[in-house]
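Hydrogens, waters and symmetry mates are skipped; everything else that's a heavy atom, side chains included, is used. As the structure lists them, so they are numbered: ligands from 1, and atoms in each ligand from 1.
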Amino acid sequence: MQGTLERERANGAPQTISFQTPPPPRGSRRRDDNSGYWAAFSLLLGMLVVVLGSIAVWMGFSAHDARKDANRAASAVSTGGSMPGMDMSGTGASGSAELTSYAGQAPANAAALAKKHAAMDATLPPAPAGPVARVRLVLVDRIIEIAPGIKYRSWAFSGGAPAPFIHVRQGQKVDLTLINKGVIPHSVDFHAARIAPNIAFKDVQPGGSIHYSFIANDPGVFMFHCGTKPVLAHIANGMYGAIIVEPRIPLPHVDKNYVLVASEWYLSSPGFPEPAGLDMAKAQLQQPDWVTWNGYAGQYVSHPLTADPGQTVRFWVVDAGPSFDVDFHIVGTILNRAWVNGDMTQFQRNVQTVPVPAGGGGVFDVKIDQPGLYPFVSHSFAAVDLGQVGLLNVGGVKGTMSH
Ligand SMILES: [Cu+2]
């Protein structure tokens with residue numbers, strides 16, 4: 001038997017499910033001769049329904065309890081921490097309240113604020129000349145904007161989340177100084193380095209500094225971040241950036257180079273009119289309020305990146321997380337070259353979507369001939385809903401995306 005079943009989806013849209021009942025059991029040609037068999041079968045079926053029903057009810061309660069337990073556990077962990085900049089108010093005092101989502105909430109004048117906001121320049125800066133690249137990171141606690149009108153009490157390397165991009169050449173020595181002007185210990189972990197982390201990445205006390213160096217022998221695009229415990233909190237509060245190590249053997253020529261750093265934000269309050277802090281429970285459960293490119297939701301929708309028709313554009317992408325992966329995709333085109341996982345020894349051709357793991361990187365070339373607005377997204381679309389979308393305006397076209 002075939003049929004259809006109508007039910008409502010979570011978003012209210014009707015969903016039609018096709019179903020097909022199983023064929024009758026083999027050997028049931030003469031039904032009258034098997035009345036005993038059918039009686040037993042019916043009885044067993046009835047018992048099965050009762051058992052399955054009980055299991056379903058039990059599972060329902062268990063799922064509910066599990067969620068409550070998870071919330072309680074997260075709250076317990078978070079209430080144990082008392083770091084400045086971390087606010088646990090989103091979890092409720094009892095620890096058993098549902099997590100409050102501020103996803104997408106924005107002030108009434110958000111559109112005007114988005115226009116007024118100066119987007120982070122995504123252009124790859126030049127690499128310094130000579131054998132040594134000196135990098136000075138100053139950690140400061142500061143209030144930043146992460147979406148139109150949404151303020152956040154961040155811990156920021158050199159004033160930004162992400163930090164200013166670092167560009168060096170393969171073989172250059174990276175001479176690094178971190179100065180901690182915050183109120184708790186911090187550190188910096190460079191994924192581009194092969195170095196003993198217990199020495200180089202150790203905590204720097206407030207008012208202190210650390211200096212170390214490494215040779216950037218591995219080309220690619222790498223994350224750097226604070227590695228102080230709990231790392232989840234330090235990354236979620238904005239302590240990350242991208243370092244681009246340009247390969248010694250030149251890559252194919254491109255006309256433009258852009259850097260994109262993906263990250264999530266977990267807010268203890270809506271972020272307006274008062275700034276939000278970190279909700280550690282949400283971070284642990286991976287329930288972000290905003291997800292961004294270069295630290296600000298939708299900034300390249302209001303202020304698109306640009307290219308001319310026929311130009312090749314290179315995207316250097318780092319996923320800072322702390323927890324989401326990125327599925328990099330540009331709507332309306334196909335990536336001509338993809339250095340997957342930032343492995344610069346080989347590239348894939350003509351791929352639609354490439355994963356960039358949290359803590360990883362990838363390099364993507366795209367050549368677009370037809371003028372238009374091309375959104376770049378993580379095709380894991382929950383992230384798009386929360387702000388991780390930008391536009392590449394090819395040919396200086398007017399208008400906006402309708403979807
Ligand atoms: Cu830190």
Q: Not counting sequence neighbours, list each pair that qualifies as a side-chain hydrogen bond (donor to acceptor under 3.5 Å, both in side chains) and has a residue in residues 380-389.
A: none
Q: Using salt bridge (Lys or Arg N to Asp or Glu O under 4.0 Å) as the criterion, list what pairs up with Asp121, not counting sequence neighbours.
A: none
Q | Pairs where residues 169-185 contributes a residue and the test side-chain hydrogen bond (donor to acceptor under 3.5 Å, both in side chains) is met, not counting sequence neighbours | A | Asp175-His211
Q: For the pair Arg153 and Asp141, find out whether any cationic side-chain nitrogen is under 4.0 Å from an anionic carboxylate oxygen.
A: no
Q.
Distances under 2.8 Å only: what protein N/O/S atoms are near the Cu ion (ligand 1), ordered by chain and residue?
A. His186 ND1, Cys226 SG, His234 ND1, Met239 SD
Q. His329 vs His379 aromatic rings, parallel, tilted or perpendicular, using cut-offs 30° and 60°?
A. perpendicular
Q | Note: Asp369-Lys367 ion pair, threshold 4.0 Å (strictly below) | A | yes
